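The structure displayed is predicted, hence computed values, not measured ones. Both counts, for ligands and for their atoms, begin at 1 and track the order of listing. Note that the numbering runs from 1 along the sequence shown for the chain.
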Amino acid sequence: MCGIVAVSANRNVVEVIVNGLQTLEYRGYDSAGIAIIEGDHIAIRKQAGKLSQLKQELAAHPVAGHVGIGHTRWATHGEPTSANAHPHDSNNAIAVVHNGIIENYRPLREQLIAAGYAFKSATDTETLVHLIHHYQAQGMGFSAASHQAIGQLEGAYAVAITCMSDPNRIIAARKGSPLVVGLGDGENFVASDVQALINETNQFHYLEDGDVVEITQDSCHIFDAAGQPVERELKTVTLSSEALTKDGYAHYMLKEIHEQPTAVANTIAERLYNGRISPYFINEAATAILQQVDNIHIIACGTSYHAGLVARYWLEAITQIPTQVEIASEYRYRKPVVPQNTLFLTISQSGETADSLAALRFAKTANYLSTFAVCNVANSSLDRETEHCILTHAGPEIGVASTKALTTQLTVLALLTLKLAEIKQVDEAVRKNLAEQLITLPGIINQSLLLDDQIKVMAEKIVQRDNALFLGRGVHYPIALEGALKLKEISYIHAEGYPAGELKHGPLALVDEKMPVIAVCPNDELLEKLESNIEEVRARGGELFAFVDHKSQHGLKDRVNHLIELEASGSFTSPIVFNVPLQLLSYHVAVLRGTDVDQPRNLAKSVTVE
Ligand code: F6R
């Protein structure tokens, strides 16, 4: 994780860097810093805490210059203190910002200490800056010294380096962590993603693993892992800077929850036509692969993993294709058996999650039929490395807690299920019904959003609690898991999601009058069973909160403490619909508890380290 911005221009670059870092705070917000070539020295300002702390520092002690690098940190090596904040410098001659982990930093650090370098931080990054200085002291120029030092790094990294002896040049490199180069008129940029630079340019090179780039105000040279000059495609990015604002909402998370009807409609648009999947969904080559699929392995992390769990229920029930779902960080260290004709499918909002990418890279060496991905970020590492990528059209998701990304992932997975149902010649009436449910989905999600006031009242009952249990059954069990994940990550209330039938095998022991139990109760064939599980909770005095389908014949009205009725949805899209009020519930609990909703403690949006 961590965010990087670097600029070489003919104007003061401080504001450009700070504005870029603002959009990159999703990548980490433990500390922030900036290094600017200012006359005869490198001016460094850095602060523990969020970018707002750095802004205060810059207001008190301003800097100005035409060349600089900036960083927002998610701590790996060394606590989130000001000393460990980036940039790190060596003798005020070179400064470096770094995202990722330098795995061989210990032996390098020992060598450098033996050579007389004094370390000021506990970071792995400081090794790199002294190493470059060490090579420069031996007579190498900035470029040669940087290439030499970068070549020695093991691990995953993106770095940007600035140097007093070659003050217009910035050198940057990536291996395993994302980095883009933005081209302007008389100015050039490097950043962790295009959002950071979208106010400056829409022309980007996406660097590949092993690439090193050198920019000045009027030049840009890219070298591949072998050190050879290389051309990388120049892409024009269409992303409006309005998409990155809160647009009047109190938090990005709330805005993103409310964007879901549009995001789903955009994700379905042109991909579903007359009840059938259109050729705009996937191309002929991908369709040819799907025709051969006998098994599916889905790999993802966190909320995206929950999307995969839902998809398994759909794929097996509707297409009868055996489907396994696994957490990427576990899968990558297993020796999975890959049966003939198995499709590998990764799901990721960011497309930069290290564990998911590692799983994909492993899959490409295994016996898979092909690799597919569902991803929200075009041109991300996942999009570029997978054989076939289906993009969700959620738009930028900035709140750390994933909301519209999940909803659109599920929408794409529903479309994929429908595509496979066509290939497997599932009964046409069944398929038509599924397609109709998808068409009405944006409208039904809109109805769920109207429950906001009722949900706020429910949140008031939960805000003082230390724990919560979320229950679901069948395809709604992953929705219970997701409800618990959302509550814990933004409100810091300990929460667990359970399949309701499993309660009596242990967790029921936790239930007493202090335990809120939140049940997802759709109108499906498991409703009666779920009602019995709810009785088990009631008998132990647990406080029951239920979300029900307003058309269902449930007997819950007098048996739960708080009940909210949702607009009826079909059984296929119901998990997508039931997830929405749970997002709002977590949101309101977090707001009432006064936590940092968009940037919860210890987390980051894009997890590019193991
Ligand atoms: C939870 C959340 C995380 C992500 C996970 C995977 O709200 O956002 O659990 O889902 O870090 O990230 P992506 O989808 O970018 O691979």
Quick look: Val400 vs ligand 1, heavy-atom contacts under 4.0 Å, and the answer is backbone
Within a distance under 4.0 Å of any heavy atom of Ser304, pick out the atoms of ligand 1 and give their elements.
10 (O), 13 (P), 14 (O)
Within ligand 1, which atoms have a heavy atom of Ser348 less than 4.0 Å away?
13 (P), 14 (O), 15 (O), 16 (O)
Hey, can you pull the donor-acceptor pairs under 3.5 Å for the side chains in residues 466-475, sequence neighbours left out?
residue: Asn467; atom: OD1; partner: His494; partner atom: ND1; Å: 2.9
residue: Arg473; atom: NH1; partner: Asn533; partner atom: OD1; Å: 2.8

Enumerate, atom names and distances included, each donor-acceptor pair closer than 3.5 Å involving a side-chain atom of residues 581-594, sequence neighbours excluded.
residue: Gln583; atom: OE1; partner: Gln260; partner atom: NE2; Å: 2.7
residue: Gln583; atom: NE2; partner: Gln260; partner atom: OE1; Å: 3.1
residue: Ser586; atom: OG; partner: Leu487; partner atom: N; Å: 3.2
residue: Ser586; atom: OG; partner: Leu582; partner atom: O; Å: 3.3
residue: Tyr587; atom: OH; partner: His251; partner atom: ND1; Å: 2.7
residue: His588; atom: NE2; partner: Asp452; partner atom: OD1; Å: 2.7
residue: Arg593; atom: NE; partner: Ser491; partner atom: O; Å: 3.0
residue: Arg593; atom: NH1; partner: Val463; partner atom: O; Å: 2.8
residue: Arg593; atom: NH1; partner: Arg465; partner atom: O; Å: 3.4

Considering only protein heavy atoms, which is closest to atom 11 (O) of ligand 1, and at what distance to one decimal place?
Val607 CG2, 4.0 Å
Within 4.0 Å of some non-hydrogen atom of Ala401, the atoms of ligand 1 are 7 (O)
Answer yes or no on whether Arg232 is positioned over the face of Tyr206, meaning its NZ or CZ is under 6.0 Å from the six-membered ring centre and within 45° of the axis.
no
Taking a cutoff of less than 4.0 Å between a non-hydrogen atom of the residue and any ligand atom, is Lys486 in contact with ligand 1?
yes
Report the relative orientation of the aromatic rings in Tyr368 and Tyr331; use parallel for angles under 30°, tilted for 30 to 60°, perpendicular for over 60°.
tilted
shortest atom 10 (O) of ligand 1-to-protein heavy-atom contact is with Thr303 N, 3.0 Å
Lys NZ or Arg CZ of Lys50 over Tyr29 ring: under 6.0 Å, within 45°:
yes
Is the charged tip of Lys246 near the ring of Tyr252: under 6.0 Å from the six-membered ring centre and within 45° of its axis?
yes
for atom 5 (C) of ligand 1, nearest protein heavy atom and its distance come out as Cys301 O, 3.7 Å
Write out the residue and atom name of the closest protein heavy atom to atom 15 (O) of ligand 1, then the distance separating them to 0.1 Å.
Ser350 OG, 2.7 Å
Examine Thr353 against ligand 1 and note whether any of their N/O atoms are separated by less than 3.5 Å.
yes
Just to verify, which of Asn376, Thr392, Ile347 counts as forming a side-chain contact (heavy atoms from CB on, under 4.5 Å) with Val412?
Thr392
Intermediate values then yes/no, ring pair (Phe, Tyr, Trp, His ring centres under 6.0 Å), Phe344 and His297:
CA-CA 5 Å; Phe344 182 88; His297 286 178; 7.8 Å; no
For Gly302, the ligand 1 atoms whose distance to one of its heavy atoms is below 4.0 Å
9 (O), 10 (O)
Can you find an N or O of Glu489 that's nearer than 3.5 Å to an N or O of ligand 1?
yes
